[in-house]
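One-based numbering, in listed order, for ligands and for the atoms of each. Counting begins at 1 with the first residue of the sequence. This one's a predicted model, so the numbers in the text were calculated from it and none came from an experiment.
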Amino acid sequence: MTILIDQPQFGVHEAQEKKVPIDEKELLLDGEFVMPNTNSFGHTFRDYDAESERQEGVENFYRMNHINQTYDFVRRMREEYGKLNRVEMSIWECCELLNDVVDESDPDLDEPQIEHLLQTAEAIRKDYPDEDWLHLTGLIHDLGKVLLHPSFGGLPQWAVVGDTFPVGCAFDESIVHHKYFKENADYNNPAYNTKYGVYSEGCGLNNVMMSWGHDDYMYLVAKENKTTLPSAALFIIRYHSFYTLHRSGAYKNLMNEEDVENLKWLQVFNKYDLYSKSKVRIDVEEVKPYYLSLIEKYFPAKLNW
Ligand SMILES: O[C@H]1[C@H](O)[C@@H](O)[C@H](O)[C@@H](O)[C@H]1O
Ligand SMILES: [Fe+2]
Ligand SMILES: [Fe+2]
C-alpha cells in the first residue's frame, strides 16, 4: 500500500546542511501502518467533546493548564528546569521511570507512558526502516513527562502534558478548550494579547516561548547533553504537542525557513505519535537491545536532567 503524506502548504525550501533531507520520494512510502478510525474508547482521535469516560478529566486538565500557563510562569520554569541539576540517569532509565506515569490530558490513551513510547517508535520503524534517528525520536519524544515524577518535584499535570501553544502573544482560537484562557492573567494584558505580542513576523520558533511542559524540557535535556541527533529530531521533540501549528496552521507567520523545513518531518512523525495509541502491548525485552544500541549511538551514557 502506498501512503502519500500531506505536505504543509507553507512553502518549500532547500534542505540545508546537517539536516536530514526530505523529498517527495521519501514521503511516498510503502507503509504497513494503517491509521485506525477510532481510539480504544470507541471515539475518533482527539475528540475533546465526545462523551467519553475521559472527557471530564481531560477538560478539567485544560482548564488548569490554560489558567496557569502565563508568560511569566514559563520564563521561570525554563530558567529553573534548564539548570538540569536534578538527576543523573541514562535515557533507558528514564523510559523505565515512565512505567508509573499516566497522562491525564490525553483523550486517546490511559496506558502507562512507556507503552506509548514503544508503540510510536515501533510503528515508525516498520515504515521507515532506514531512519534510525526517527525511531529513537519516537522512543524519547515524551520522556519529558518524567517531570511528573516525585524526584523532579512532582509537577502538576497542567505543567507537564497536553498540547502546547505560544505565550507572549494572543492565544489562537484553534487551541483545545480555548474558552479557559479568559481566566489567564495574560489574556487582558496588552503586551501579550495581540497577534504578534512580544514577537515579530518570521522571527523563528526558536525565539518563541512555548507553554511549559514535556516537549521543551526534553528538548533542553537532549540539546544540553549534546545529542548527535539531527535538527529535525530536536524540532520534533520540541514541537510535537504544538497541534495548533502542525494541524491547524495557526502561528505559521512566526516560522522561519528552517522551521518550515523541519515541520515536514514533524508532520510525518505526528501520524505515528497519534494513531499508534492502542491497547496493543509491545514486548519490551524483545526490542530493548535495538533501542539501547540507538541510545548509545546518539547520547552519552548518563545525562543530566
Ligand atoms: O494529551 C496529549 C499528550 O500529552 C501528548 O504527549 C502531547 O504530545 C499531546 O499534544 C497531547 O495532546
Ligand atoms: Fe507528547
Ligand atoms: Fe507522544
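- In summary, the atoms of ligand 1 found under 4.0 Å from a heavy atom of His240, numbered by their order in the structure, are 8 (O).
- Heavy atoms of Tyr239 stay at 4.0 angstrom or farther from ligand 1.
- Between Arg46 and Asp163, at least one side-chain nitrogen of the basic residue sits less than 4.0 Å from a carboxylate oxygen of the acidic one, meeting the salt-bridge criterion.
- The heavy-atom pair separating Lys145 from Asp103 by the smallest distance is NZ-OD2, 2.9 Å.
- The Fe ion (ligand 2) is closest to atom OD1 of Asp142 (considering only N, O or S atoms).
- Per residue Asp273, closest N, O or S atom to the Fe ion (ligand 3): atom name OD1.
- For His141, the closest heavy-atom approach to ligand 1 does not fall below 4.0 Å.
- Using a non-hydrogen distance threshold of 4.0 Å, Lys145 registers as a contact of ligand 1.
- Of all atoms in ligand 1, numbered sequentially from 1 with element shown, those under 4.0 Å from a heavy atom of His214 are 6 (O), 7 (C), 8 (O).
- In this structure, Lys252 NZ and Thr244 OG1 are separated by 10.5 Å, a value rounded to the nearest 0.5 Å.
- Put simply, the side chain of Asn256 gets close to the backbone of Asp259: a donor and an acceptor are under 3.5 Å apart.
- A 6.0 Å sphere centred on CD of Glu224 holds more than 12 heavy atoms belonging to other residues, nucleotides or ligands.
- Listed by atom number, the atoms of ligand 1 under 4.0 Å from Arg46 heavy atoms are 12 (O).
- Between Trp158 and Phe73, the ring centre distance stays below 6.0 Å.
- Between Tyr62 and Tyr180, the distance separating the two ring centers is not shorter than 6.0 angstrom.
- Less than 4.0 angstrom separates some heavy atom of Tyr48 from each of these atoms of ligand 1: 12 (O).
- Sorting the N, O or S atoms of His141 by how far they are from the Fe ion (ligand 3) puts NE2 first.
- Within the listing of ligand 1, atoms 6 (O) sit less than 4.0 angstrom from a heavy atom of Asp142.
- Residues Phe61 and His177 place their aromatic rings such that the two centres sit no closer than 6.0 Å.
- The nearest protein atom to atom 7 (C) of ligand 1, hydrogens excluded, is given as Ser241 OG, 3.1 Å; this is a heavy-atom distance.
- Within the 4.0 Å heavy-atom criterion, both parts of Asp163, backbone and side chain, lie near ligand 1.
- A salt bridge is defined here as a Lys NZ or Arg NE, NH1 or NH2 lying under 4.0 Å from an Asp or Glu carboxylate O, and Arg125 with Glu122 meets this definition.
- Between Asp106 and Lys277 there is a salt bridge, since a side-chain N of the basic residue sits under 4.0 Å from a carboxylate O of the acidic one.
- Comparing Ser105, Pro107, Gly213 by heavy-atom distance to atom 2 (C) of ligand 1, the nearest is Ser105.
- The nearest protein atom to atom 3 (C) of ligand 1, hydrogens excluded, is given as Asp103 OD2, 3.1 Å; this is a heavy-atom distance.
- Centred on the Fe ion (ligand 2), the angle running from His214 (NE2) to His240 (NE2) is recorded as 90°, rounding to 10°.
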